[in-house]
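Values below: all heavy atoms of this structure, side chains included; hydrogens, waters and symmetry mates excluded. Each chain gets a letter, A, B and so on, in the order the sequences are listed, and its residues count up from 1.
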Amino acid sequence: DAGVIQSPRHEVTEMGQEVTLRCKPISGHDYLFWYRQTMMRGLELLIYFNNNVPIDDSGMPEDRFSAKMPNASFSTLKIQPSEPRDSAVYFCASRPRQNTEAFFGQGTRLTVV
Amino acid sequence: DQQVKQNSPSLSVQEGRISILNCDYTNSMFDYFLWYKKYPAEGPTFLISISSIKDKNEDGRFTVFLNKSAKHLSLHIVPSQPGDSAVYFCAASAGWGGSQGNLIFGKGTKLSVKP
């Protein structure tokens with residue numbers, strides 16, 4: 001398996017534009033996580049899914065953020081409209097079941113200007 | 001409200017010595033704990049884990065200790081090597097309850113191992 005695949009690796013967009021981040025988890029993994037990394041907050045959990053169902057989205061900062069997992073092999077994190085304070089590195093991770101290690105993608109570095 | 005806390009943003013040690021990274025947690029529902037290592041421009045990579053039924057787990061140069069009564073865990077690296085220089089994240093997971101399966105991280109500790 002190629003591991004968790006995120007795209008794009010880098011995204012630069014203008015304030016007010018819609019941004020969509022994509023993630024392909026490892027096949028057979030039941031859990032998928034979206035994190036945001038910033039200097040101030042470290043690795044912040046935004047939302048996680050179990051068997052494609054969102055379980056906890058309390059970390060999503062605002063209604064401008066939304067995440068979907070239409071099937072077991074794909075998830076998106078959308079920001080609409082984007083703002084400069086959304087600039088961060090966004091990571092996707094998957095794990096086979098609870099109480100196991102999670103595997104991370106390479107991340108998407110988002111810059112909103 | 002941070003559920004997983006790493007109170008030391010940075011740590012510097014000499015090559016060959018022991019590195020001790022600390023982590024505290026507040027949620028008593030956490031029952032599985034992990035340490036990750038992260039290099040710049042890469043995703044975090046798993047290092048070692050421990051279940052709440054144990055108080056120690058060892059893997060080569062890395063040992064994790066868990067003190068459930070104090071809600072504290074630590075990662076020991078012996079001996080430290082320059083290649084260990086990275087940011088280390090502590091993480092915790094709840095196996096039951098409303099948030100079972102979640103995975104919460106601390107803010108990380110940047111370890112620098114000097115030759």
Check your understanding: Between the main-chain N or O of A/Ala102 and the side-chain N or O of B/Tyr36, is there a donor-acceptor pair closer than 3.5 Å?
Key -> yes

**Study point:** Cluster check A/Tyr31, B/Phe30: I/L/V/M/F/W/Y, side chain < 4.5 angstrom
**Key:** yes

Check your understanding: Pick from A/Glu44, A/Arg97, A/Arg95: which one has the most heavy-atom pairs with chain B under 4.5 Å?
Key -> A/Arg95

Review point. Distance from B/Ile104 atom CD1 to A/Asp56 atom CG, nearest 0.5 Å?
Key: 7.5 Å

Exercise for review: Check the hydrophobic clustering (I, L, V, M, F, W, Y; side-chain heavy atoms under 4.5 Å; chains of links allowed) and say if B/Val87 and B/Val13 are grouped together.
Suggested key: yes

Review point. Do A/Gln37 and B/Phe105 have side chains that get closer than 4.5 Å, going by heavy atoms?
Key: no

Check your understanding: For B/Arg17, does the CZ atom sit with more than 12 other heavy atoms under 6.0 Å from it, leaving out its own atoms?
Key -> no

Practice item. Just give me the residue among B/Ser49, B/Ser93, B/Pro44, B/Gly43 that pairs up with chain A most often, heavy atom to heavy atom, under 4.5 Å. Key: B/Pro44

Revision key, fill the gap. Separation between CZ (A/Phe104) and NZ (B/Lys38), nearest 0.5 Å, reads 10.0 Å

Check your understanding: Any side-chain heavy-atom pair from A/Asn99 and B/Asp31 closer than 4.5 angstrom?
Key -> yes

Review point. What part of A/Thr38 is in contact with chain B, defined as an atom under 4.5 angstrom from a non-hydrogen atom: side chain, backbone, both or neither?
Key: neither

**Study point:** Over 12 non-hydrogen atoms of neighbours within 6.0 angstrom of CZ in A/Arg64
**Key:** yes

Practice item. Flag yes if more than 12 heavy atoms outside A/Arg9 fall under 6.0 Å of its CZ atom; otherwise flag no. Key: yes

Check your understanding: For the hydrophobic clusters of this structure (ILVMFWY residues joined by side-chain heavy atoms under 4.5 Å, transitively), does one cluster hold both B/Val64 and B/Leu111?
Key -> yes

Point to revise | Proximity breakdown for B/Ala91 and chain A, heavy-atom pairs closer than 4.5 Å | key: neither

Point to revise | Shortest non-hydrogen separation from A/Tyr35 to B/Leu103 and the atoms involved | key: OH-O, 2.6 Å

Study note, to complete from the structure: Turns out that what part of A/Leu43 lies under 4.5 Å from chain B's heavy atoms comes down to both

Exercise for review: Indicate if A/Phe49 and A/Ile26 have the same hydrophobic cluster label, given that clusters are the connected sets of ILVMFWY residues with side-chain heavy-atom separations under 4.5 angstrom.
Suggested key: no

Review point. Under 4.5 Å between side-chain heavy atoms, hopping through other hydrophobics if needed: is there a path connecting B/Phe33 to B/Phe65?
Key: no

Point to revise | Partner chain B: residue of A/Glu101, A/Met40, A/Met39 with the largest heavy-atom pair count (under 4.5 Å) | key: A/Glu101

